[in-house]
Amino acid sequence: MLDLKQIRENPQAVRERLNLRGGDADIEPILALDRKQRDLETQRSQLQARSNEIGKLVGQKMKSGAKPQDAEILALKEEGNQVKAQLAQLEPRERELKAELDALLLMMPNLPSESTPVGKNEEENVEVRRWGDEYLPENPNILPHWEIGEKLGILSFDRAVKIAQSRFVALIGAGAALERSLINFMLDRQIQAGYIEVMPPVLINSNSLQGTGQLPKFAEESFKCYADDLWLAPTAEVPVTNLYAGETLSAEDLPIYHCAYTPCFRREAGSYGKDTRGLIRLHQFNKVELVKLVRPETSEAEHEALVQNAEAILQALKLPYRVLELCTGDLGFGANKCYDLEVWLPSSGKYREISSCSNFGDFQARRANIRFKEAGKKGTQFVHTLNGSGLAIGRTMAAILENYQQLDGTIAIPEVLQPYLGRETL
RNA sequence: GGAGAGGUGGCCGAGCGGUUUAAGGCGCAGCACUGGAAAUGCUGUUUAGGGGUGACUCUAACGAGGGUUCGAAUCCCUCCCUCUCCGCCA
């Protein structure tokens with residue numbers, strides 16, 4: 001959520017930053033509601049002050065011997081009732097305005113950071129670096145991962161469709177073992193890098209989704225359990241960040257680094273024609289996620305470090321990849337800055353996103369109300385939150401099945417995974 | 001799912017309709033005392049929003065939301081959470 005005070009005080013600057021995302025940000029309704037709401041708040045609190053005064057007076061007079069039927073008491077009660085009637089008019093109006101204001105603010109995306117390259121759409125994302133050209137596969141006849149996977153009998157899309165629907169997969173035998181190895185490998189590495197592992201609930205409430213920015217705007221992206229106020233988590237970002245929702249941490253608690261393996265569930269609404277085959281775009285996939293809660297002044301450096309932690313996994317697996325910095329037009333709703341890691345998928349001759357590492361600044365912290373307090377200092381500050389995949393497991397599996405395909409149709413297992421899987425080829 | 005007990009400040013804990021401006025204690029900070037410390041004493045010690053250049057000031061917050069009342073931590077209703085017992089269950 002944007003800072004209302006900032007919008008109020010620098011409307012032009014906010015408008016300009018928002019417009020860098022493309023479109024024409026309209027903050028006028030917010031400014032107008034804010035003015036009205038504050039106006040009502042002033043009136044209301046004055047009435048309340050008088051009401052409190054009356055209550056106190058009655059109490060004092062009764063204590064010092066006045067009777068309930070004394071004219072003085074009756075007059076005060078009468079005035080109390082009048083004030084109350086006025087409040088009864090004002091209060092609902094103010095509440096309504098506040099709710100409208102909140103609804104508008106919740107729909108506003110974050111401001112892109114100063115350092116984010118300006119651009120209209122994904123075409124204008126900036127390649128920051130490329131790694132692992134020396135590991136690009138030389139095999140010219142690489143099968144797509146879904147074909148080699150089915151051939152090896154380790155992936156079954158057809159059978160998964162029977163028990164769920166399209167865009168699901170069942171991992172069989174070595175496929176399941178490879179998935180598990182990747183999860184363990186990634187968690188071990190990230191724990192080594194200083195992240196504390198979490199296994200959060202993956203059925204999560206609406207408030208959590210609002211806290212990280214998936215609600216209210218992106219309700220159609222997540223699976224909902226209609227009998228309860230619970231949703232299937234689209235990413236561990238949501239439960240892990242919201243572990244601290246509503247808390248005021250002490251400054252010494254920061255930074256907090258978490259890694260979490262969870263399954264992730266996405267409806268993929270609006271992507272009907274895209275990536276219909278393989279492991280790239282499923283309704284259910286596994287992911288190891290990295291989440292950081294940090295002091296504001298450190299968040300940029302923490303962001304770079306988080307990207308390094310995600311890259312380290314690709315490097316250890318010797319998978320060629322590139323790093324893109326998203327331009328203002330392609331930036332996710334809550335992010336002020338974002339790097340995507342894209343792994344090489346030889347069957348399609350393309351780099352494909354395998355990790356997205358975002359800095360949210362205080363955007364999520366405001367929504368989820370996560371603050372910290374410095375001992376001896378007045379007031380509190382919002383933390384900055386960051387997260388990134390470290391990495392998406394299914395897409396990593398796809399990358400291995402393709403980049404490690406050998407001429408004889410077998411798959412070599414990356415060296416670092418061999419101890420986990422207990423074999424050298426598939 | 002059934003029955004019962006609870007939820008008060010950084011922590012413990014009192015309060016069950018009106019000087020609550022939340023007692024008392026612990027903790028923490030400052031000051032005094034001291035050669036220095038301990039002990040002791042005094043003072044202070046929440047957050048959010050509004051108004052004001054500022055000193056400051058108003059409002060709100062006792063799990064959450066409603067209600068009764070001139071006045072609610074206290075009474076009533078709904079919900080959430082925790083604990084105990086029973087049932088069910090991996």
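Below, read A as the first sequence line, B as the second, and so on, with proteins coming before strands; counting in each chain starts at 1.
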S.K.: When rounded to the nearest 0.5 angstrom, what distance separates CG in A:L282 from CZ in A:R266?
M.R.: 11.5 Å

S.K.: Please tabulate, for side-chain N and O atoms in residues 412-422 of chain A, each donor-acceptor pair with protein atoms closer than 3.5 Å (sequence neighbours left out).
M.R.:
residue, atom, partner, partner atom, Å
A:Q418, NE2, A:I413, O, 2.9
A:Y420, OH, A:D188, OD2, 2.6

S.K.: Looking at residues at least two apart in the chain, or sitting in another chain, which of them share a side chain to side chain contact (heavy atoms under 4.5 Å, CB included) with A:F218?
M.R.: A:E221, A:F333

S.K.: Distance-only check: which donor-acceptor pairs under 3.5 Å involve side-chain atoms of residues 209-217 of chain A, not counting sequence neighbours?
M.R.:
residue, atom, partner, partner atom, Å
A:T212, OG1, A:S208, O, 3.1
A:T212, OG1, A:Q214, OE1, 2.7

S.K.: Looking at residues at least two apart in the chain, or sitting in another chain, which of them share a ring-ring contact (aromatic ring centres under 6.0 Å, His included) with A:Y244?
M.R.: A:H258

S.K.: Taking the nucleotide of RNA chain B with the nearest heavy atom to each, does A:T380 or A:G80 sit closer to the 5' end?
M.R.: A:T380

S.K.: Along RNA chain B, 5' to 3', what are the outermost nucleotides having an atom less than 4.0 Å from a heavy atom of chain A?
M.R.: B:rG18 to B:rG71

S.K.: Taking any heavy-atom pair under 4.0 Å as a contact, classify A:K373: base, sugar-phosphate, or nothing.
M.R.: sugar-phosphate

S.K.: Hydrogens and angles aside, do A:N286 and A:E179 bring a side-chain donor and acceptor to less than 3.5 Å of each other?
M.R.: yes

S.K.: For the side chain to side chain contact (heavy atoms under 4.5 Å, CB included) test, which of A:Q43, A:Q48, A:E94, A:R50 pairs with A:L87?
M.R.: A:Q48

S.K.: Which value, in whole Å, describes the distance between the P atoms of nucleotides B:rU74 and B:rU8?
M.R.: 14 Å

S.K.: When we call it a touch if two heavy atoms are under 4.0 Å apart, what does A:K98 touch: a base, just sugar-phosphate, or nothing?
M.R.: nothing

S.K.: Looking at every strand, decide which applies to A:R366 at a 4.0 Å heavy-atom threshold: base, sugar-phosphate, or nothing.
M.R.: nothing

S.K.: Tell me, which of residues 36-44 of chain A have any heavy atom that sits under 4.0 Å from an atom in RNA chain B?
M.R.: A:R38, A:E41, A:T42, A:R44

S.K.: Applying a 4.0 Å non-hydrogen cut-off, can you work out what A:S250 is touching in the nucleic acid: base, sugar-phosphate, or nothing?
M.R.: nothing

S.K.: Looking at every strand, decide which applies to A:R50 at a 4.0 Å heavy-atom threshold: base, sugar-phosphate, or nothing.
M.R.: nothing

S.K.: Between A:G379 and A:N52, who's closer to the 5' end of RNA chain B by nearest nucleotide?
M.R.: A:G379

